[in-house]
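Okay, so here's the structure we're looking at.
Counting from 1, the numbers follow the sequence of the chain as shown. Note that the coordinates shown come from a computational prediction; the quantities given were computed from them, not determined experimentally. What you see below is based on every heavy atom in this structure, not just the backbone, and it leaves out hydrogens, waters and symmetry mates.
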Amino acid sequence: MRPEVWEAMAPFALDHFGNSSGVHEISRRAKNGLEEARERMALAIGCAPMEIVLTSGGTESDNLAIKGAVFNSTTRTGVVVGATEHDAVLETADFVSRRQGRVAIVPVDADGLIETDRLTGAIGPETAVASVMMVNNETGAQNDLKSAVAAIKDQDPSVLVHTDAVQAFGSVAIDVGDLGVDLMTLTGHKFGGPKGTGMLYVREGTPMEPLVHGGGQELGRRSGTHDVAGAVGMATAMELALAERGEFERRVGQIRDRFEERLSSEIDDLVVNTPAVHRSCHHLNVRFPGVRNETLLMRLNTAGVAASAGSACQSGAATVSHVLEAMGLTPAQARESVRFSFGWTSTGSEADEAAGIVIELVEALR
């Protein structure tokens, strides 16, 4: 987390540690901090404060967006999702299909980008919600979300459009009014905020069936005692990320490119899975032909380099990346691929050191 986030959260972990739903003074302080944080989050994405539902993170927000839309209707129970979505979306869609909802998985091209014609072709009269991620968590492929939303709405204005923008906020301009989405997922730890804190943007008037029932918090959309410190921390991180977005994109993009160029120049047959264009500034997914990623990652870890074979949720599992398979890689090729990611703490010297370690280990394994 950014130091400023820790500082902002501290009073709500100590002096103002009240239940924001209470009526006494210490609770009112917590309530004031919570609602101020909500207002700051809303300002950062261009929406009204009451359009924000505070959650425990990206996974819960994705679940609420899709299940909340499907469970709200008895006639529209279908879901359309891209093949490279995060498991939080794909597994939720699978849950819907096991309860007789029609689910369409839309293929992507070789760069991992969703094709608009295929997306709209999957929309049917039973479709309740379509989910299109903004930036892929494994490759950094960046979809043209605004065009995708417009195409879906032209096809059927009644279909709700959700985007998992978890990987995007730190580096991509986000204004929900401009994008036209009905639902959007964000989580704090992707841009220097606390883990376990997230939000779901829900456009005013969007029908939503809650998944968690109880005291009726979040206008009845998500019950449970609020993590006030987490909300304050996430709001602070959003403001910092927004203020530094242009510099982040430039600086981190240069560091990632420097790392990529070093690998490409010294490993002749390196294959870059991240697209050459329509890419985020902070992801790099590459394939080392002839080298199993499982072995390489173990050696990288011993050498002090943190990388993964897929999403962090599955980086320890012996599974093949569904993202890379959807892009056309064989299982064997996917098992030769590694994801490197860069953030606000990354430096050029770190990138140089890490690249040298990667090159040395790949040569040794070969």
Side-chain angles (χ1 to χ4, degrees), residues 1-14 33-34 36-47 52 54-62 86 88 133-138 140 142 163-176 184-201 226-256 259 279-284 305-308 311-313 315 339-351 354:
M1 287 202 299
R2 292 171 178 262
E4 301 94 329
V5 172
W6 279 110
E7 185 178 348
M9 292 172 66
F12 298 93
L14 298 169
L34 180 74
E36 181 184 320
R38 193 191 306 276
E39 291 172 2
R40 293 160 63 194
M41 291 181 193
L43 189 62
I45 61 172
C47 73
I52 287 179
L54 299 172
T55 70
S56 63
T59 294
E60 184 188 343
S61 293
D62 285 346
H86 190 279
M133 74 189 325
M134 196 175 236
V135 172
N136 186 266
N137 55 300
E138 292 190 27
Q142 184 173 326
T163 185
D164 182 329
V166 162
Q167 296 284 342
F169 185 81
S171 60
V172 180
I174 292 179
D175 182 302
V176 291
M184 182 177 72
T185 292
L186 292 179
T187 194
H189 70 278
K190 295 299 180 183
F191 41 84
K195 290 185 288 293
T197 301
M199 57 155 281
L200 177 67
Y201 159 73
H226 289 104
D227 177 1
V228 180
V232 171
M234 182 168 172
T236 304
M238 289 178 75
E239 290 174 338
L240 291 168
L242 185 62
E244 300 171 12
R245 185 177 281 152
E247 173 62 15
F248 177 92
E249 186 173 16
R250 183 197 65 79
R251 185 182 68 81
V252 176
Q254 287 178 349
I255 292 170
R256 188 273 314 277
F259 180 82
R279 50 158 51 182
S280 73
C281 66
H282 50 288
H283 293 83
L284 183 68
V305 179
S308 67
S311 72
C313 307
S315 57
R339 178 187 77 161
F340 299 93
S341 48
F342 304 80
W344 70 274
T345 62
S346 300
T347 65
S349 61
E350 284 179 341

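No side-chain heavy atom of Met234 sits under 4.5 Å from any side-chain heavy atom of Leu54.
From Phe259, atom CZ reaches atom OG of Ser346 across 10.5 Å, with rounding to the nearest 0.5 Å. Ser308 OG to Glu138 CD: the interatomic distance, rounded to the nearest 0.5 Å, is 7.5 Å. The CE atom of Met199 sits 8.5 Å away from the OG1 atom of Thr55 when rounded to the nearest 0.5 Å. One finds the NZ atom of Lys190 at 10.5 Å from the NZ atom of Lys195 (value rounded to the nearest 0.5 Å).
Checking side-chain atoms of His86 against main-chain N and O of Ala88 turns up a donor-acceptor pair under 3.5 Å. The backbone N or O of Gly196 lies less than 3.5 Å from no partner atom in the side chain of Ser56, so there is not a single donor-acceptor pair.
Residue Met184 is tested with Asp164, Val166, Thr163 for a side chain to side chain contact (heavy atoms under 4.5 Å, CB included); the sole match is Thr163.
A 6.0 Å sphere centred on CD of Gln254 holds more than 12 heavy atoms belonging to other residues, nucleotides or ligands.
Ile255 and Ala351 make their closest contact through CG2-CB, 3.7 Å (heavy atoms, listed as atom of the first residue, atom of the second, distance). Of all the heavy atoms in Gly193 and Val5, the pair that sits closest is CA-CG1, 4.3 Å. When every heavy atom of Met134 is checked against every heavy atom of Ala168, the shortest pair comes out as SD-CB, 3.3 Å. Contact between Thr236 and Ala8 at its shortest, heavy atoms only, is OG1-CB, 3.4 Å. Contact record, Gly192 with Trp344: CA-NE1, 4.0 Å, taken as the closest heavy-atom pair. In plain terms, the two heavy atoms of Cys47 and Ile52 that are nearest each other are SG-CG1, 3.8 Å.
By the side chain to side chain donor-acceptor pair (under 3.5 Å) test, Gln167 pairs with His283, sequence neighbours left out. For Ser341, there are no side chain to side chain donor-acceptor pair (under 3.5 Å) partners at least two apart in sequence or on another chain. For Thr185, the side chain to side chain donor-acceptor pair (under 3.5 Å) partners two or more places apart in sequence, or in a different chain, are Asp62, His162. Scored by the side chain to side chain contact (heavy atoms under 4.5 Å, CB included) test, Ala37 finds Ala231, Val232, Ala235 as partners (sequence neighbours excluded). Taking Arg38 as the reference, Glu35, Glu218 meet the side chain to side chain donor-acceptor pair (under 3.5 Å) condition, with sequence neighbours excluded.
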Could you pull out every donor-acceptor pair under 3.5 Å between side chains of residues 237-249 and any protein atom, sequence neighbours left out?
| residue | atom | partner | partner atom | Å |
| --- | --- | --- | --- | --- |
| Glu239 | OE1 | Arg40 | NE | 3.3 |
| Glu239 | OE1 | Arg40 | NH2 | 2.9 |
| Glu239 | OE2 | Arg40 | NE | 2.9 |
| Glu244 | OE1 | Arg2 | NH1 | 3.0 |
| Glu244 | OE1 | Arg2 | NH2 | 3.3 |
| Arg245 | NE | Phe169 | O | 3.1 |
| Arg245 | NE | Val172 | O | 3.3 |
| Arg245 | NH2 | Phe169 | O | 2.9 |
| Glu247 | OE1 | Arg250 | NE | 3.2 |
| Glu247 | OE1 | Arg250 | NH2 | 3.2 |
| Glu247 | OE2 | Arg250 | NH2 | 2.6 |

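Using modelled atom types, one finds no donor on one side chain facing an acceptor on the other under 3.5 Å when comparing Ser280 with Ser171.
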